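For reference, the structure is listed below as structure tokens.
If you're wondering where the values come from, they're calculated on a predicted model, not measured in any experiment.
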Amino acid sequence: MATIRPFEGYLVNPERAALVASPAYDALTPEQRHAYAETHSANFLNVMRSREEYPRSQRPSLDVLLARNKARLEEMIRAGDFVREPRPSLYLYRLSVAGHVQTGVVAEIPVAEFEQGLVKKHEHTQEGKEDDLTAYQRVVRASSSPICLAYAGQPEIDALVAELTSAPPVIDFVAEDGVAQSVWLVDDPSTIHRLQAQFSRVPSTYLTDGHHRAASASRFRASERAANPNHTGEEAYNFLLVALFPDRQLRILEYNRMVQGTNGLSHSELLAAVEERFEVEPLGSAPASSPKPRRRGEITMLLGGEWYRVTIRAEAVLVASDDPVRSLDVTILQDELLGPVLGVGDPRTDPRIDYLSGAFGLQDLARHCRDHDSIGFAVYPTAIEDLMAVADAGAVMPPKSTWFDPKLRSGLFLRIR
């Protein structure tokens with residue numbers, strides 16, 4: 001079951017929200033984060049600085065950087081950028097853009113639910129990233145980036161959320177990226193109890209964004225527990241800050257691939273090799289309609305400035321149909337084309353492969369391919385049902401299988417550990 005609970009913390013000052021709330025950390029490159037933080041001194045991104053952002057000649061030690069992050073957070077609290085709520089609260093958080101609307105419940109859940117597999121994951125994590133995030137929690141001792149969880153939608157939860165969001169929000173602004181951000185405070189004990197009772201009937205939740213944060217929270221909890229002889233299980237380090245959204249409200253964009261070089265093949269040889277495994281339809285250099293894939297099982301390839309529609313053969317789908325990972329378009333693309341034809345080994349580490357989220361258009365894909373002598377592959381978005389099936393099976397997806405959009409912002413909710 002999903003055990004949500006209210007938390008004692010801070011909410012961003014409504015008058016400062018548009019300045020303080022930061023872009024999603026992983027939606028920016030290290031260079032972009034550095035530039036943004038340097039030019040937006042009031043933004044919460046200045047509390048989340050990382051060493052990789054800085055030019056090597058200016059890169060501080062990890063200890064120095066974490067101390068700066070902690071000091072900046074303390075300055076923001078003293079300056080009134082955050083307002084402490086007088087009692088434990090839940091929050092409703094809505095993101096709206098271009099006709100898309102998703103509304104989630106921001107709460108704490110026990111780290112133990114992640115450790116016990118009630119919060120299901122679908123990605124591998126990297127130890128180095130876990131190390132950095134654990135060190136951050138140990139020094140800064142704050143959470144402001146809710147881990148995004150999906151759950152199978154429940155009509156009773158939908159109805160209560162709709163009732164609560166009929167009132168005016170306490171936070172309401174449009175961020176620089178055009179995504180409207182709205183927050184409602186839920187501090188009435190009886191209403192909190194109703195939400196808790198309804199979520200207690202949710203059997204499991206699914207990580208969409210935040211695998212590294214969840215894993216590092218588990219490590220942080222273990223170290224804090226070992227150092228605390230009076231551990232009770234109620235300490236703040238035992239809980240995760242999360243935002244829970246009904247599955248059907250979440251929007252997944254595609255994650256396109258770009259492979260540098262042709263693995264020694266001429267363009268005609270490469271096309272012949274692809275045609276042995278897929279149905280290939282030439283679209284030309286300037287197709288009359290968008291070459292973006294129209295359905296599952298369809299991929300478009302950009303080779304030498306020419307677009308091709310590449311359709312997965314029915315027999316390939318049939319072979320993989322009983323395996324939720326092997327049946328993914330991105331897996332079939334890797335196993336049947338990128339690996340055997342283009343020589344891409346491990347897609348997590350091969351330096352020849354790069355990725356571009358669907359937040360960028362095919363023009364950006366074509367530009368990257370032109371500038372880096374790469375072959376582009378546009379894929380159809382992975383469905384949330386596929387993600388849940390993979391997680392239910394205890395398996396993991398290939399890297400860069402999903403891009404959830406819009407991304408949650410940091411600097412709206414603040415929980416001190």
Side-chain angles (χ1 to χ4, degrees), residues 1-9 11 85 87-97 99-122 146-172 179-210 214 238-252 383-392 402 404-408 412-413 415:
M1 65 179 184
T3 309
I4 67 168
R5 75 174 209 169
F7 61 96
E8 297 181 7
L11 187 63
E85 293 303 320
R87 54 184 174 176
S89 304
L90 300 175
Y91 302 89
L92 304 179
Y93 179 24
R94 175 173 292 165
L95 299 95
S96 312
V97 62
H100 170 83
V101 180
Q102 61 186 71
T103 308
V105 177
V106 176
E108 285 184 345
I109 66 167
V111 175
E113 290 197 0
F114 170 74
E115 296 170 343
Q116 295 164 3
L118 296 175
V119 177
K120 299 187 178 184
K121 55 188 178 181
H122 66 271
I147 292 169
C148 187
L149 302 181
Y151 64 92
Q154 309 286 324
E156 297 82 5
I157 297 176
D158 291 346
L160 181 51
V161 168
E163 174 190 330
L164 296 172
T165 55
S166 64
V170 295
I171 304 290
D172 197 24
V179 180
Q181 309 279 324
S182 305
V183 176
W184 289 262
L185 172 70
V186 182
D187 61 356
D188 172 62
S190 63
T191 305
I192 291 173
H193 179 74
R194 289 172 65 193
L195 278 168
Q196 289 176 312
Q198 291 171 358
F199 271 98
S200 71
R201 294 190 284 272
V202 173
S204 57
T205 58
Y206 298 82
L207 267 165
T208 61
D209 273 335
N238 292 289
F239 298 90
L240 281 169
L241 179 65
V242 300
L244 302 106
F245 292 90
D247 54 352
R248 64 184 174 274
Q249 289 187 17
L250 292 171
R251 182 172 71 171
I252 304 179
I384 186 67
E385 294 82 4
D386 292 325
L387 180 152
M388 295 167 80
V390 170
D392 285 338
T402 58
F404 284 86
D405 182 87
K407 298 284 188 182
L408 311 190
L412 293 174
F413 317 97
R415 177 177 170 275

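Annotation: side chain of Pro189 is in contact with side chain of Arg87 (closest heavy-atom distance under 4.5 Å). By the 4.5 Å heavy-atom criterion applied to side chains, Leu185 and Tyr91 are counted as neighbours. Residues Leu241 and Ile147 form no side-chain contact, since every pair of their non-hydrogen atoms from C-beta on lies 4.5 Å or further apart.
Of all heavy-atom pairs between Ile192 and Val186, the closest is CD1-O, 3.6 Å. Looking at every heavy atom in both residues, Pro146 comes nearest to Val242 through CB-C, 3.8 Å. The heavy-atom pair separating Gln102 from Leu408 by the smallest distance is NE2-CD2, 4.4 Å. Of all heavy-atom pairs between Leu250 and His100, the closest is C-CE1, 4.2 Å. Arg251 and Asp405 make their closest contact through NH2-OD2, 2.5 Å (heavy atoms, listed as atom of the first residue, atom of the second, distance). Closest of all the heavy-atom pairs between Gly117 and Lys120 is O-CG, 3.5 Å.
Shown here are the side-chain contact (heavy atoms from CB on, under 4.5 Å) partners of Ile252, two or more places apart in sequence or in another chain: Ile384, Thr402, Phe404. Under the salt bridge (charged side-chain N to carboxylate O under 4.0 Å, His left out) criterion, Asp247 pairs with no residue, sequence neighbours left out. For Lys121, the salt bridge (charged side-chain N to carboxylate O under 4.0 Å, His left out) test picks out no residue, with sequence neighbours left out. Residues that satisfy the salt bridge (charged side-chain N to carboxylate O under 4.0 Å, His left out) test with Glu8, not counting sequence neighbours, are Arg84. Residues passing the side-chain contact (heavy atoms from CB on, under 4.5 Å) test with Asn238 are Arg221, His231, Glu235, sequence neighbours excluded.
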Derivation and outcome, side-chain contact (heavy atoms from CB on, under 4.5 Å), residues Val111 and Leu240: CA-CA 6 Å; Val111 175; Leu240 281 169; 3.9 Å; yes
Worked check of side-chain contact (heavy atoms from CB on, under 4.5 Å) between Val106 and Phe7: CA-CA 9 Å; Val106 176; Phe7 61 96; 4.1 Å; yes
N/O donor to acceptor pairs below 3.5 angstrom from side-chain atoms of residues 149-172, sequence neighbours left out:
residue, atom, partner, partner atom, Å
Gln154, NE2, Ala152, O, 2.9
Asp158, OD2, Arg248, NH2, 2.0
Thr165, OG1, Arg94, NH2, 3.2
Thr165, OG1, Val161, O, 2.8
Thr165, OG1, Ala162, O, 3.3
Ser166, OG, Glu163, O, 2.6
Asp172, OD1, Ser182, OG, 2.8

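Under a 3.5 Å cut-off, the side chain of Gln196 and the backbone N or O of Ile4 do form a donor-acceptor pair. Checking side-chain atoms of Glu85 against main-chain N and O of Leu11 turns up no donor-acceptor pair under 3.5 Å. Side chain of Thr208 to main chain of Tyr206: no donor-acceptor pair is present (N/O by atom type, distance under 3.5 Å, no hydrogens or angles).
Remark: aromatic rings of Tyr93 and Phe413 are close, center separation under 6.0 Å.
Of the listed residues (Asp209, Leu207, Thr205), just one forms a side chain to side chain contact (heavy atoms under 4.5 Å, CB included) with Cys148, and that residue is Asp209.
How far CD1 of Ile109 is from CG of Leu244: 6.5 Å, rounded to the nearest 0.5 Å. The structure places OG of Ser204 at 13.0 Å from CD of Gln116, a figure rounded to the nearest 0.5 Å.
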